Amino acid sequence: MDTTFVDREQPRLLDELFELLRIPSVSSLPQHADDCRRAAEWLRAELTRLGCPVVTLVEGDGHPVVWAEGPQVPGRPTLLIYGHYDVQPPDPLEEWDTPPFEPTVRDGRLYARGADDDKGQIFCLLKAYEAVLDAHGRPPLNVRFVFEGEEESGGRVIYDLLRSDPERTRVDAVLVSDSSFYDPGIPAVYTALRGICYAEISVRTAQRDLHSGSYGGVAPNAIETLVRILAGLKDEDGEIRIPKLYKAVEPPSKAELKAWRKLPFDKEAYLRDEVTAKALTGLKDYSIFERTWALPTFEIHGIRGGFVGEGAKTVIPAQATAKVSIRLVPGQRYEKVGRQLERAVAKLAPKWADVKVTLLHGGDPVQLGVTAPVFELLNEAFESVVGRAAVPIRAGGSIPIVPELGLAGAPVVLTGIGLPDDGLHSPNEKLDLAQLWNGIQIFGRFFELFAEKGVRRANEEPGEKAAAEAEAGEPGVEEAAPQPV
């Protein structure tokens with residue numbers, strides 16, 4: 001790897017990253033469909049510039065998937081790199097210190113929607129790839145790229161692509177950079193992701209809004225009805241009141257719990273710098289790691305209904321809707337939990353209200369083995385740049401496509417260059433530039449090590465060894481009981 005690449009190219013790299021971050025590719029909002037396509041086109045142009053002989057946009061019922069293949073390098077292993085170019089909505093806009101789609105650097109930190117999740121991270125991977133190209137533009141290994149535009153909104157284009165053509169995932173390893181270090185200076189690899197069940201609960205109590213003076217005291221209020229239903233789904237102590245929800249939960253192993261207790265953790269700093277609240281809530285009999293990594297959650301994301309504009313309007317709302325999600329842990333399945341939610345809401349709904357649950361999207365939780373040889377190479381790269389190996393931890397978030405990426409048996413490496421206080425999905429999302437520059441060196445070194453030491457056996461197709469190991473019980477993408485870390 002050209003060790004002077006980062007220092008020499010920083011101004012150009014920032015200009016290029018700013019271009020990508022300025023595109024408001026919010027996948028969940030229809031008015032940004034053209035912006036999502038612009039982001040996909042930006043990636044297509046960049047991959048073409050980097051010399052990939054195969055670069056295509058895969059179309060479907062949603063935002064396009066960017067697929068690319070680097071030059072063929074006979075005898076070297078094949079790596080599949082995944083990321084997503086779509087971002088969360090930037091609301092509430094008034095809480096941003098600078099506009100979300102006008103990238104701004106302050107005190108060595110880059111602020112913008114997508115700076116970390118996930119544009120900054122896929123940019124890091126692309127620049128690491130560029131840094132290891134030789135004088136003829138050839139990489140040291142075979143690389144495939146797949147970047148989707150619906151990770152934040154539950155789209156199906158990438159699922160349709162990988163299921164219709166599973167050979168795309170027949171590789172020697174998969175790399176996903178969509179997570180963070182455990183703490184500054186402490187890189188991480190992830191052993192599990194929570195799944196998600198995202199839904200809307202809608203309530204109608206009358207044909208139209210009513211005058212609160214004329215009908216207050218007798219007319220049913222849709223927002224009040226909805227709030228009572230929501231309150232019935234989780235108690236004040238944080239226990240989810242959906243029957244049988246916890247029954248399928250597979251608890252973390254004793255070895256995992258022991259390892260988590262050894263992690264450095266400052267509760268006051270966590271509350272102040274990450275949660276940014278006055279207190280922590282939830283199931284007090286469980287540790288913070290168990291609550292965020294190993295237990296399901298129920299969250300209310302927003303309520304729509306009635307009058308919320310400036311001034312006053314005295315109406316009794318006839319309808320109201322809440323957006324909610326349940327994060328799932330090993331043992332639970334999206335479709336089953338969706339049915340459990342529907343039954344729980346139906347039981348809580350009063351007979352005089354029309355109540356409906358609409359499941360918007362979801363995905364199952366996943367567990368990942370972290371003992372395949374590729375993890376040793378990643379640790380070697382981390383050690384060469386930041387001076388230490390990664391700690392194995394779980395993630396509280398979800399990346400629904402991860403199980404599909406490992407279906408052919410290749411080990412899936414889930415890691416990232418973010419920091420815990422980067423404010424994902426929040427106003428003032430940021431990425432420390434030191435993390436970006438180090439990340440380019442980390443992944444560049446990893447590419448070189450994987451090319452040198454991850455060479456597959458003679459006459460073996462990409463992914464065959466990984467598939468054989470998976471069948472024999474070796475780490476790949478797993479959905480079995482938790483593994484010790």
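Remember, predicted model here, so these are calculated numbers, not experimental data.
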In terms of side-chain geometry, is the basic nitrogen of K127 or E9 positioned less than 4.0 Å from the acidic oxygen of its partner? no
As a test of understanding, state which of E152, E429, E102 forms a salt bridge (Lys or Arg N to Asp or Glu O under 4.0 Å) with R113. E429
Any side-chain donor-acceptor pair under 3.5 Å between H136 and D134? no
Look at atom CG of D15 and say whether more than 12 heavy atoms of other residues, nucleotides or ligands are closer to it than 6.0 Å. yes
Evaluation steps, salt bridge (Lys or Arg N to Asp or Glu O under 4.0 Å), between R394 and E256: CA-CA 10 Å; R394 292 191 182 191; E256 265 190 304; 2.9 Å; yes
Main chain of Q72, side chain of R138: is a donor-acceptor contact present, judged purely on distance under 3.5 Å? yes
Kindly indicate whether the side chain of F181, heavy atoms from C-beta on, has any atom under 4.5 Å from the side chain of F382. yes
G396 backbone acceptor or donor facing R194 side chain under 3.5 Å: yes
I393 versus F289: any side-chain heavy-atom pair under 4.5 Å? no
Can you check whether I401 reaches V146 side chain to side chain, under 4.5 Å on heavy atoms? no
Do any N or O atoms from the side chain of Y190 and from the backbone of S180 form a donor-acceptor pair under 3.5 angstrom? yes
Quick one: closest heavy-atom pair of G120 and L431, and the distance? CA-CD2, 4.3 Å
For the backbone of S179 and the side chain of Q121, can you confirm whether one donor and one acceptor N or O come within less than 3.5 Å of each other? yes
Heavy-atom closest pair (V26 atom, H32 atom, distance to 0.1 Å) is O-CB, 3.4 Å
Could you tell me whether E335 atom CD has more than 12 heavy atoms of other residues or ligands within 6.0 Å of it? no
So, N428 side chain and D97 main chain: donor-acceptor pair closer than 3.5 Å or not? yes
Decide whether S25 and R38 meet the rule of one side-chain donor and one side-chain acceptor closer than 3.5 Å. no
Can you confirm whether L193 sits close enough to S398 that some side-chain heavy atom of one is under 4.5 Å from a side-chain heavy atom of the other? no
Can any side-chain N or O of S325 pair as donor or acceptor with the backbone N or O of Y198 at less than 3.5 Å? no
Measure across E290 and W260 and return the closest heavy-atom pair with its distance rounded to 0.1 Å. CG-CZ3, 4.2 Å
With F447 as partner, the option from L175, L133, V143 fulfilling side chain to side chain contact (heavy atoms under 4.5 Å, CB included) is L175
Quick one: sort the F147 and F145 rings into parallel, tilted or perpendicular, breaks at 30° and 60°. tilted
Using a 4.5 Å cut-off on heavy atoms from C-beta on, say whether the side chain of T415 contacts that of F443. yes
Stepwise salt bridge (Lys or Arg N to Asp or Glu O under 4.0 Å) test for R109 and D422: CA-CA 10 Å; R109 297 172 171 180; D422 279 347; over 6 Å; no
Spacing of D421 atom CG and E274 atom CD [to the nearest 0.5 Å]: 6.5 Å
Does R156 count as lying over the ring of Y159, i.e. NZ or CZ under 6.0 Å from the six-ring centre, within 45 degrees of the axis? yes
Can you check side chain to side chain contact (heavy atoms under 4.5 Å, CB included) on R44 and L57, steps first, answer last? CA-CA 8 Å; R44 176 161 70 172; L57 295 189; 3.8 Å; yes
Would you find a donor on one side and an acceptor on the other, under 3.5 Å apart, between the side chain of Q367 and the backbone of P330? no
Under the criterion side chain to side chain contact (heavy atoms under 4.5 Å, CB included), I'd like the reasoning laid out for F375 against L368: C-alpha separation, chi angles, the key distance, then a yes or no. CA-CA 12 Å; F375 291 93; L368 304 168; 5.9 Å; no
Would you indicate whether the side-chain heavy atoms of V386 and I442 approach each other to under 4.5 Å? yes
Looking at K119 and E19, is there a salt bridge between them, counting it only when a charged N and a carboxylate O are closer than 4.0 Å? no
Salt-bridge criterion met for E130 and R49 (N-O under 4.0 Å): yes
Is there a side-chain contact between I186 and L263, using heavy atoms and a 4.5 Å cut-off? no
Is there a donor-acceptor contact under 3.5 Å from the side chain of R291 to the main chain of T281? yes
Atom of W293, atom of A395 and distance for their closest heavy-atom approach: CD1-C, 4.0 Å
Full working for side chain to side chain contact (heavy atoms under 4.5 Å, CB included) between L378 and F450: CA-CA 8 Å; L378 179 63; F450 194 58; over 6 Å; no
Between Y82 and H84, what is the ring plane arrangement, given parallel below 30°, perpendicular above 60°, and tilted in between? tilted
Which atoms form the tightest heavy-atom contact between A112 and L21, and what is the distance? CB-CD1, 4.1 Å
Would a distance-only check, ignoring hydrogens and angles, find a side-chain to backbone donor-acceptor pair under 3.5 Å from R144 to R168? yes
So E376 and K453, salt bridge (Lys or Arg N to Asp or Glu O under 4.0 Å) or not? Walk me through it. CA-CA 10 Å; E376 297 176 9; K453 302 180 181 182; over 6 Å; no
Could you measure the distance from the CG atom of D178 to the CG atom of D116? Nearest 0.5 Å is fine. 8.0 Å
As a quick check of understanding, evaluate side chain to side chain contact (heavy atoms under 4.5 Å, CB included) for T169 and V174, giving each step before the final call. CA-CA 8 Å; T169 61; V174 180; 5.8 Å; no
Donor-acceptor under 3.5 Å (Q435 side chain, D432 main chain): no
Determine all donor-acceptor pairs shorter than 3.5 Å in which one atom belongs to a side chain in residues 58-69; sequence neighbours excluded.
{"residue": "E59", "atom": "OE1", "partner": "R37", "partner atom": "NH2", "Å": "2.9"}
{"residue": "E59", "atom": "OE2", "partner": "R37", "partner atom": "NH1", "Å": "2.9"}
{"residue": "H63", "atom": "NE2", "partner": "S27", "partner atom": "O", "Å": "3.2"}
{"residue": "W67", "atom": "NE1", "partner": "E69", "partner atom": "OE2", "Å": "2.9"}

Are the side chains of L141 and V73 in contact, using a 4.5 Å heavy-atom criterion? no
Of all heavy-atom pairs linking W96 and S426, the shortest is CZ2-O, 3.7 Å
For atom CZ of F265, is the number of surrounding heavy atoms from other residues, nucleotides or ligands below 6.0 Å larger than 12? yes
Quick check: are there more than 12 heavy atoms from other residues, nucleotides or ligands sitting under 6.0 Å from CG of D34? no
